[in-house]
Structures are given as C-alpha cells and as structure tokens.
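Single-structure report; data block below.
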Number of protein chains: 2
Amino acid sequence: MADPLYRRIADDLREQIDSGKLAAGKQLPTELELKDKYNASRNTVRDAIKWVISLGLVETRPGQGTFVVEKRNPYVTTLTADPAKGAGGDEVFDYNLEVSKQHRQPSNTDPQVEMQKATGKIAEQLGLPENTQVISRHQRRFIDGTPWSMQTSFYPRGLAARGADRLSDADDIEGGAVQYLADTLGLKQVGYGDLITVRTPDMREAEFFKLPEDGRVAVFEVFRTGFDQTGTPMRLTVTVFPTDRNQFQVNVGDVPQPAPSEGNQQS
Amino acid sequence: MADPLYRRIADDLREQIDSGKLAAGKQLPTELELKDKYNASRNTVRDAIKWVISLGLVETRPGQGTFVVEKRNPYVTTLTADPAKGAGGDEVFDYNLEVSKQHRQPSNTDPQVEMQKATGKIAEQLGLPENTQVISRHQRRFIDGTPWSMQTSFYPRGLAARGADRLSDADDIEGGAVQYLADTLGLKQVGYGDLITVRTPDMREAEFFKLPEDGRVAVFEVFRTGFDQTGTPMRLTVTVFPTDRNQFQVNVGDVPQPAPSEGNQQS
DNA sequence: GCAAATTTGTTCGTATGTATT
DNA sequence: CAATACATACGAACAAATTTG
C-alpha cells in the first residue's frame, strides 16, 4: 500500500469496471461524490480518473460526467487477397464487397486528386528519386456512417503521361485502378507487400475519426506497395485506420472457409 | 488564442521537437525553467508536459528531467511464411532465423508449460468446448537484449495423449512443434490464419516490456490459428508485441526479393 | 558512503471558466 | 437562467528519485 492515493483510487475504479460492476456506457460517480467516497481532494480524484482514461477504460464529457467506454464492434480487413480475384484487386470494390459481407453499410467520399512531389517513404517505396512528381488519390471511408479509414494512393506520374490519364480524374475508376492500368498500359499488378505500423494520429486524423486529441487512441498505418510483372513498384497505398475499431486478418495456405473471425467482438 | 495555456505551451514544445530544435534524447528545460519562460505556474507546465507525453514525444524520469523520446529501430515480422518452408514452420526457428537476417541478436526463454482450461477466445479459435484441457506453452523473446515479444501456444490436450507427449515438456522442441506433430501424429499444418489486434498492455506485459504503466504504449496481439489437413484447428498461438518496436510485413503474390522494408527506420 | 542540491511526483486548497442539462 | 459537472489555473508543501560534491 505504498502506492499513491490516486493510483489506489484508480485501481478501485478499474476493478469495478473489469468486474462489470460498472457496465459499459454507465456513468461513474461525479468528482465531488468520489472525493467524499475516498476522502481525497478533488484534484486527486481527477488524477485517478486521468489514469483510467489513459488505460482506455473511461472517458469524460464536460458538463455531463465520466462514463465507461463502450467497446466498438471491430471491422476485420483481410490483407491476403482472394486468389480468385488475382493479387490485390480494386481497393474500393474489395472494400465495399467485404464490408457488405460483414452485414454493415459501407460508403466513401469521392477521390481527392493532387499532384505532389514524392518525399521520404513515398519515394523510397515507389523506387523513385526524391521530388519526383506523383499522382495522389485520397479517399475517406465510412462503415455504418462512422469514419473508418483514410486512404491515399500514389502513382508515378509517368503512368498518366503514358496513357492512363484517368488516374488524374477526381472520379472513382470503374473496376478499380489496378484493372484500369492493366487495360490501358498492360501493367499487371502481380503482387504486393503490406507493411503494418502503429503510431499516434495527427490532428487531421484525430478530427476525422473523432479520436481524442491527446493521441491515446493509436492508428494503424498500412503501406501497400504494388508490383508489376517486371518487379517495379507501380503504386503505393497508405491507409490509416483507428486501432479501436479495426483488426486485420492474414490467411496463408489452406484455411477453412468460415474464417475463424467473422463479424466478431473483441474479448 | 482561445486555447488553454497548457495547450499553447504543449504546442510550442511539440513544434520545437518536430522541427528538430529539441533533438531525440535531449533534455527539456526543467519544470521551474519552463514555469519562468512561459509565465505559468508549475502545475500548468506539468499539464503541458503530460500532454506531450500522451502524444508520445517525451518522457519524464524522476530526479532527472524530461527527455525527448528516442525512436526505436523497429523489428519487422513477416506473417506470410516463405513457401519454401511450407505453411507456418517452427515459430522459434523462424524467429531466430529472421532476426539474424536483420543483423540483430535474438534470444528467448525456455518454454513454460502449463495445463489449462480453454476459455473464451481460446476455446473458440481451437473449436473446443469451454473448459476443455489444453496445453499452454509460453515463451518470451528478446532482440539485442531488449524484450520483444511474449508468446503462448495452445494445443488440444488430446494431441499429447495420442502420442505427442513432448508437448508437455518444458524444453524447446527440436525442429519445432509443427514438425514434431507431423512426425509423431502425421498431423500436418496446411495453413494458418492470423488475426492482428491492438490493445493496451496489462500489468505483466507492461513490466516485461518496460512500458509505462499507464498504457499509453499499446501492444499488438496476434492470434495465429493453425489448421491440419482436415481443416481442424490444431493449435492457437497468441503473441504480444509492443507497438513501439514492432511492425508486420505481409506479402502476396510476386514480391521482389529485397523486401521493400528491411532493417529500416520509421519515418 | 553520505549529505546536499536538483528534479520530478503527490496531495491539498482555492478560484474561476466552460459545457450541458 | 440556474444548477450541475468537468476544465483550467495558481499557489503551496512535502515526498521520492537521482546526481553531485
């Protein structure tokens, strides 16, 4: 019991939440009530609450109170493409299809297209010199109306110059960009590599996903590099997903059909 | 300037770190110095520091000061097995091999073997009724001496009864458990599925990985379910990795040899 | 090895501001 | 508009960890 007071209070709150005595969505006693209950000052009680906030167990709403966080129903993205569709089909199409299969309603914004200079990681993954012009296509996606992911695809600008000019259009590309590149330039994506990382969200991401500004909810950042038949990177897709509502599935070899995780709930 | 004072101070500190004016590993001014610099109280300065801590930019060390965090060199785990080795070879062997390839020194503890009752997710993934006896084999791994992952594999107890009794031994299984099961029982792992999730670490994990106790550094939890030739789950491996020093690579189709990310550094 | 100085950690009190009901 | 509840801010004192002389 050498632990500081605010930690002991926090541990007691945590125990009540873990045991289900304080159910998800329920309101905790107010700061003033807790102050009396634990014979502590209001500041100490607030320190205890900050601790359990940091553990991701509760959240405070100004003027309302402190509430036990509700677990979200995670959406599972399968990174290993269905062989039937070839390696890494259309992102948007796949996405809408997969989400529907989990009986949830997908939607997405129109692509926002920009010309940019490739820097750092983008140039590196695409195998281009720094500051080469690239086409950037950005899209935001929702599931059942809640923001789910932000995606930006980068293509070497040379592809548009060589005839794939619709890459620069701010419209969805029917059948997907990969199929379009195969049709117009004979450029086939024969494989891709995904690099999965986790970091704190930046301000734009926190705003879009409605995450707390202090970065306590991390985001996945997935870098997908697609390769053509010559082994050259043909595109890089960077997708950001909040870790509190997303999971990934990777299947290798023979995996029985109803994948072990489907429309599930986290422990 | 409607922003509260502690946020303005925090933003100023953040800017100095992002711009490199405060380099990684360097010490920030002390709380008393910052208090003078910003004409704020010590408590307000401390609130500002707590904010940048939450953003993962700095850390405080009692008695020493506040320091800009050093980025870790991430270790990249490839989840899609090399086809040459068959689907999902030996975990330990693969691990040591892969780590060596990234020119870093792997090590791991001896397995800690226990008999347990399958509950919740474990029973579900293994396709067993709740409270069925399972063999649990737990191991901890290090890279260059720093703790890197905690892994627990669960096998239906029936496998040991049917002749694979070394599953219950607290020793490394030469050539890997998957190979051992193939040799003794003719049970071949023909495929596996990985489910990648992120959550806050529990106390044991925080202690082992030396993570801050308040859960601001999340962990990956990867569930790997292995299937035999009949499509039956033969084992479940749950591995926990801190997100601040781990990344995952998934390759599908033809991906050129020097994988795009190798011994790299995060942006 | 110890004592002093430095620096962050904990706890209280108090006052006022802002958001919501 | 009033009441309630969390947010911001300051001041103060003592504790604990670490470094330094």
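In what follows, every chain begins at residue 1, and chains take the letters A, B, ... in the order their sequences are listed.
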Nearest-angstrom distance from the residue atom [atom1] of [X] to [atom2] of [N]:
| X | N | atom1 | atom2 | value |
| --- | --- | --- | --- | --- |
| A:Glu59 | D:dC6 | CD | P | 13 Å |
| B:Asp47 | C:dT8 | CG | C1' | 14 Å |
| A:Leu32 | D:dA7 | CG | P | 13 Å |
| B:Phe67 | D:dT19 | CZ | C1' | 11 Å |
| A:Asp3 | C:dG9 | CG | C1' | 13 Å |
| A:Lys50 | D:dC6 | NZ | P | 13 Å |
| B:Tyr38 | D:dT8 | OH | C1' | 18 Å |
| B:Glu31 | D:dT18 | CD | C1' | 14 Å |

Open item on the list: Are A:Phe220 and A:Phe248 an aromatic pair, judged by ring center distance below 6.0 Å?
Closed with: yes

[X] side chain N/O closer than 4.0 Å to the phosphate oxygens (OP1, OP2) of [N]?
| X | N | answer |
| --- | --- | --- |
| B:Arg46 | C:dG9 | yes |
| B:Thr66 | C:dT8 | yes |
| B:Thr60 | C:dT7 | no |

Open item on the list: Strictly below 4.0 Å, N to O, side chains only: are A:Asp11 and A:Arg14 in salt-bridge contact?
Closed with: yes

Open item on the list: So does B:Arg245 get a backbone contact from the side chain of B:Trp148, meaning a donor-acceptor N/O pair under 3.5 Å?
Closed with: yes

Open item on the list: Looking only at the side chain of B:Tyr6 (C-beta and beyond, no hydrogens), which of the listed nucleotides D:dT8, C:dT8, D:dC6 gets closest?
Closed with: D:dT8

Task: Per-nucleotide protein contact string for nucleotides 12-21 of chain C, where B marks a base within reach and S marks sugar-phosphate only (heavy atoms under 4.0 Å, - for neither) - done: BBB----BSS

Task: Residues which pass side chain to side chain contact (heavy atoms under 4.5 Å, CB included) with A:Arg61, listed by chain and number, not counting sequence neighbours - done: A:Glu59, A:Gln64, A:Phe67

Task: Qualifying side chain to side chain donor-acceptor pair (under 3.5 Å) pairs with a residue from residues 200-210 of chain A, counting only residues at least two apart or across chains - done: A:Arg199-A:Glu205

Open item on the list: Assess the residue pair B:Phe223 and B:Phe154 against the criterion (ring pair (Phe, Tyr, Trp, His ring centres under 6.0 Å)); give the C-alpha distance rounded to whole Å, side-chain angles, the decisive distance to 0.1 Å, and a yes or no.
Closed with: CA-CA 11 Å; B:Phe223 299 87; B:Phe154 301 92; 9.5 Å; no

Open item on the list: Could you tell me if A:Asp12 and A:Tyr38 have a donor-acceptor pair between their side chains, going purely by distance under 3.5 Å?
Closed with: yes

